[in-house]
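Below is one structure, written out as structure tokens; the observations come after it.
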Amino acid sequence: MKISAETQFLIKFFSCFVLVIWSVAVQADIVLFALLTILLLLFQFCLKDITRRSVLFAFGVAFFVFLVGREFLEVYLNIEPDTRFSEQTNRHLYLSLLMSIISIWSAFYFFTKKHTTNSFEGASSFSLYRNVLQKLSLVSFYISMPFVIIVNYFISQYVSKLGYYAYYTDFSELLINNTLLYAMSKMDIVCDVSFCTFLATLPSKKRFTIPCISYFLILLSSIGTGQRSTLILGLMLLFVFITYMQSLSPEEKWIPRKIGLYVLIAIPALALFSSLWGQKRFGDEYKRQSITEEFTAFFYNQGVTSYVVKRAYEYEGLIPDQMYTSEFLYSGLPAILSGKEVIHGNNIEHATKGNSFTHALGYIVLGDAYLAGAGTGSSYIAELYFDFGYFGIIIGSILYGWLLALFYVHSRSRHIFIRALLFIVFTRILWACRASFTGFLSYAFSPITILTLLVLFGLSSLISRRSSTSQLGVQ
């Protein structure tokens, strides 16, 4: 049902009016109020055309949950904060987030403004090359899938016996000393790249169904590892692809009519599960709480990254002076080509010489607890500010906005390789809210990522050319 312009205006006016009254009542910081207003308007902007703006919507959700949610709960719902920070530190967080989200939204709008056509080049004819690539990527996906599930089971058993923190202190060394397990662990990247390449071929709804279920099973197998992010980000990828295809092939009805009901059921269920699993993985005693309390606990716990930005600001003078936005140069192919040593695990060398903000801040804040496996995490906001100040936050956010815009731009092109790369890095861009700014480059430049793409696209090109030559010969 299409909502009239008058109704849309009334919704915006009423929601902003409620936020103004609420902000005055709780005496919220004016910059925090501005941040929440911009986010509210951004979500309304995305929902107005969700099939074309789902990537921006997904980033907005990640941005709110990881960076804003805890602040909202502490200020607007009077939740007792775990740590109290100075007014100056809080203002720094609010200002940084405000500049970032405005820059991302502005860049996304600017780079998608000229691409308003609903047509899709080549949608009427399924090319031989695309057909071969789709089949090869599926074969690669199904071959690697059992190995991923086996490794996830092994990690689950490891974490269950030795504890969640042991995964960050000892598991990398275990992998290095076990060649078979190390090789199997790399199949996770092969599986992910193959699935994203399959998505890039824009399969029909019928062809997508079974691989989608298989991918969901892989996500479920990751639960026991203690990595909740794998499940959540994987679901976000599926959401974006389904809405993406709804705009390209609306006749297939990718989005079911009862999608609103499904979402209303799924969100509380996911929040409840995440909260309960968070208690289990850290060995906390289960506390019986109401659904509302569990839901609030989920957003509060996930929003811990706002504290990372604050602590990075407060400990700025103690953090080793390195270029943390260049972390991708110290892993994968760039490190191999430059001869740089790749450092793994929670240790002093990684914290002081690894060009990793996650490890540098973790060691400064947690000390011995960091060496025992604990961590603070990171955020693209904190890294950009440390390296380049507020100007860096604006420029880095514009880059993210441009990358998100490319999803929309290349949804209507024949550039399957570019689409595959975008799907591959998509979850890493979402995760950047609580991880490295260049984490998506580290993943893209992983030797396994590059090798998998070369094999899939190279073989597809070779097979399709030979098939075309054979058909011409027969004619």
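If you read the sequence from its start, that first residue is 1, and numbering goes on from there.
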Set of salt bridge (Lys or Arg N to Asp or Glu O under 4.0 Å) partners for Lys186, sequence neighbours left out: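 Salt bridge (Lys or Arg N to Asp or Glu O under 4.0 Å) list for Lys186, sorted by chain: empty.
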Residue pairs involving residues 64-78 (criterion salt bridge (Lys or Arg N to Asp or Glu O under 4.0 Å); sequence neighbours excluded):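 Every salt bridge (Lys or Arg N to Asp or Glu O under 4.0 Å) pair that includes a residue of residues 64-78, provided the two are not neighbours, is Arg70-Asp82, Glu71-Lys310.
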Pairs meeting criterion salt bridge (Lys or Arg N to Asp or Glu O under 4.0 Å) with involvement of residues 27-38, two or more places apart: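 Counting only pairs at least two positions apart or across chains, the salt bridge (Lys or Arg N to Asp or Glu O under 4.0 Å) contacts touching residues 27-38 are Asp29-Arg91.
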Do the rings of [X] and [Y] sit parallel, tilted or perpendicular, given the 30° and 60° boundaries?
| X | Y | answer |
| --- | --- | --- |
| Phe72 | Trp22 | perpendicular |
| Phe437 | Phe440 | perpendicular |
| Phe57 | Phe239 | tilted |
| Tyr370 | His359 | perpendicular |

Heavy atoms, side chains only, cut-off 4.5 Å: are [X] and [Y] in contact?
| X | Y | result |
| --- | --- | --- |
| Tyr129 | Phe457 | yes |
| Ser23 | Val20 | no |
| Val425 | Tyr443 | no |
| Leu399 | Tyr380 | no |

Ser397: which of Ser103, Ser106, Ser100, Ser96 passes side-chain hydrogen bond (donor to acceptor under 3.5 Å, both in side chains):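 With Ser397 as partner, side-chain hydrogen bond (donor to acceptor under 3.5 Å, both in side chains) holds for just one option, Ser100.
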Close aromatic pair by centroid cut-off 6.0 Å: Trp254 and Phe208: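 Aromatic pair counts; centres sit under 6.0 Å.
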For Thr243, side-chain hydrogen bond (donor to acceptor under 3.5 Å, both in side chains) partners two or more places apart: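 So Thr243 forms a side-chain hydrogen bond (donor to acceptor under 3.5 Å, both in side chains) with Ser54.
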Listed partners of Ser86 passing side-chain hydrogen bond (donor to acceptor under 3.5 Å, both in side chains), at least two apart: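 For Ser86 the side-chain hydrogen bond (donor to acceptor under 3.5 Å, both in side chains) partners, ignoring immediate neighbours, are Thr89.
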Distance-minimising heavy-atom pair for Val75 and Val26: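 Heavy atoms only, the tightest pair is O-CB, 3.7 Å.
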Donor-acceptor contacts, no H, no angles, side chain residues 38-45, under 3.5 Å, sequence neighbours left out:
residue : atom : partner : partner atom : Å
Gln44   : NE2  : Ser15   : OG           : 3.1

